[in-house]
Amino acid sequence: TPIIEFKNFSYYYPNTEEPAIKQIHATIEEGDFVGLIGPNKAGKSTACLSMIGIAPHILGGDWMGDVVVNHETIQSSNVSDFTKIVGVVFQDAESQFTQETVEDEIAFAMCNMGFERSEMIKRVNEVAISCNLTEFLERSPFQLSGGQQQRLAVACLLALRPKVIILDESTSQLDPKGRDEVFKLVKELHRQGRTIIMVDHNIEKMAEYTTKLMVFFEGELKLYGPTSEILQQK
Ligand code: ADP
Ligand code: ADP
C-alpha cells in the first residue's frame with residue numbers, strides 16, 4: 001500500500017528560477033527501505049524535505065504537482081499533521097537538541113503534544129531500548145558520540161511512532177563504528193515494519209540494506225526500482 005506518492009512534483013526554493021527537483025513521479029510503498037543516491041545538489045535533500053511538506057509549506061517557494069502521504073495530500077493547512085506519520089533525521093542532529101538529558105530530549109516532543117506522564121515514561125523506556133540508549137538516559141545529549149547522537153535523534157522520532165523514518169546523510173559525519181550502529185538500527189526498524197528512506201553516499205551499505213534505490217541527477221529522478229536492478233544498470 002502506498003505511503004508516500006510524488007505526483008509530478010516540482011519545487012522551486014524562494015527566489016530561484018530553476019527547480020531544485022523537477023517532475024518527480026514515484027510511489028514509495030509501506031515497508032520499503034528506499035535509498036536516495038546521486039551527486040551533490042541532485043535534489044536528494046529537497047526530496048526528503050518534500051516528503052514532510054517542509055518544502056514548500058514551511059520554506060515557501062513555488063511548486064507544481066502534489067505529494068501525498070498516507071493517502072492525504074500535504075497542504076499548508078494540514079502540514080503539521082504529518083509529523084506524526086513521517087520523521088526526519090538530519091546530518092547535524094546535535095543542533096536540534098535542546099534538553100539537558102537524553103531522557104528529556106526523547107520526551108520533549110511528547111511533552112509539547114500533551115502526552116500523559118505515564119505514557120511518556122513508557123515510550124521513553126521503549127525507544128531507549130530499541131535505540132540502545134538505556135545507559136545514557138541521564139547523560140547530556142551533547143556528551144554522546146556522533147553515532148549515539150544519531151540514534152538519539154531517531155529515538156526522539158520513534159517516540160511518536162511514525163510510519164516512516166527519513167535519514168538525510170545521517171552517517172556522513174560518523175566514524176565506521178557510528179555508521180554501522182546507525183545502519184544496524186535502521187535495519188531493525190525496517191524489520192519491524194517501518195518504511196525507511198535514507199540518503200547516504202556509502203554505496204556498499206546502500207546495496208546491502210535498501211530494497212529500492214532512487215537515483216537523482218540535476219533535480220530529476222532518473223532511475224527508481226529494486227536495488228539489485230538499479231545497481232546492474234549503473
Ligand atoms: P542534494 O541533497 O542531492 O545535495 P539538494 O536537494 O540539497 O541536493 O539541492 C538541490 C538543488 O537545490 C541544488 O541546486 C541546491 O543548490 C538547491 N538548494 C538547496 N537548498 C536550497 C535553498 N535553501 N535555497 C535555494 N536553493 C537551494
Ligand atoms: P546537503 O548536504 O543536505 O546536500 P548542501 O550542502 O547542499 O546540503 O546545503 C547546505 C545548506 O545550504 C542547506 O541548508 C541548504 O538548504 C542550503 N543551500 C544549499 N544550496 C543553496 C543555495 N543555492 N541557496 C541557498 N541555500 C542553499
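Just so you know, ligand 1 is whichever comes first in the structure, and atom 1 is the first atom listed for that ligand. Since the structure is predicted, the reported quantities are computational estimates derived from the model, not experimental observations.
- Between Phe9 and Tyr11, the ring planes are parallel. Angles under 30° get that label, and only those over 60° would be called perpendicular.
- Ligand 1 has no N or O atom lying under 3.5 Å from any N or O atom of Thr16, backbone or side chain.
- Checked by atom type and distance alone, the side chain of Asn78 never pairs as donor or acceptor with a backbone atom of Asp81 at under 3.5 Å.
- Side chains of Glu188 and Gln192: a donor-acceptor N/O pair is present below 3.5 angstrom, by distance only.
- A heavy-atom separation below 4.0 Å is found between Gly43 and ligand 1.
- Close contacts between ligand 1 and Ala42 involve ligand atoms 1 (P), 3 (O), 8 (O) [criterion: under 4.0 Å to a heavy atom].
- At least one heavy atom of Pro39 sits under 4.0 Å from some atom of ligand 1.
- The aromatic rings of Phe33 and Tyr209 sit tilted relative to each other, their planes meeting at an angle between 30° and 60°.
- Around CG of Asn112, the count of heavy atoms belonging to other residues, nucleotides or ligands within 6.0 Å exceeds 12.
- Against a heavy-atom cut-off of under 4.0 Å, Thr46 is close to the following atoms of ligand 1: 5 (P), 6 (O), 9 (O), 10 (C).
- You'll find the side chain of Gln91 stays beyond 4.5 Å of the side chain of Ser170, heavy atoms only.
- Distances from atom 18 (N) of ligand 1 to the heavy atoms of Phe217, Tyr13, Phe216, Tyr12 put Tyr13 nearest.
- Heavy-atom proximity to Asn40, at under 4.0 Å, picks out these atoms of ligand 1: 4 (O).
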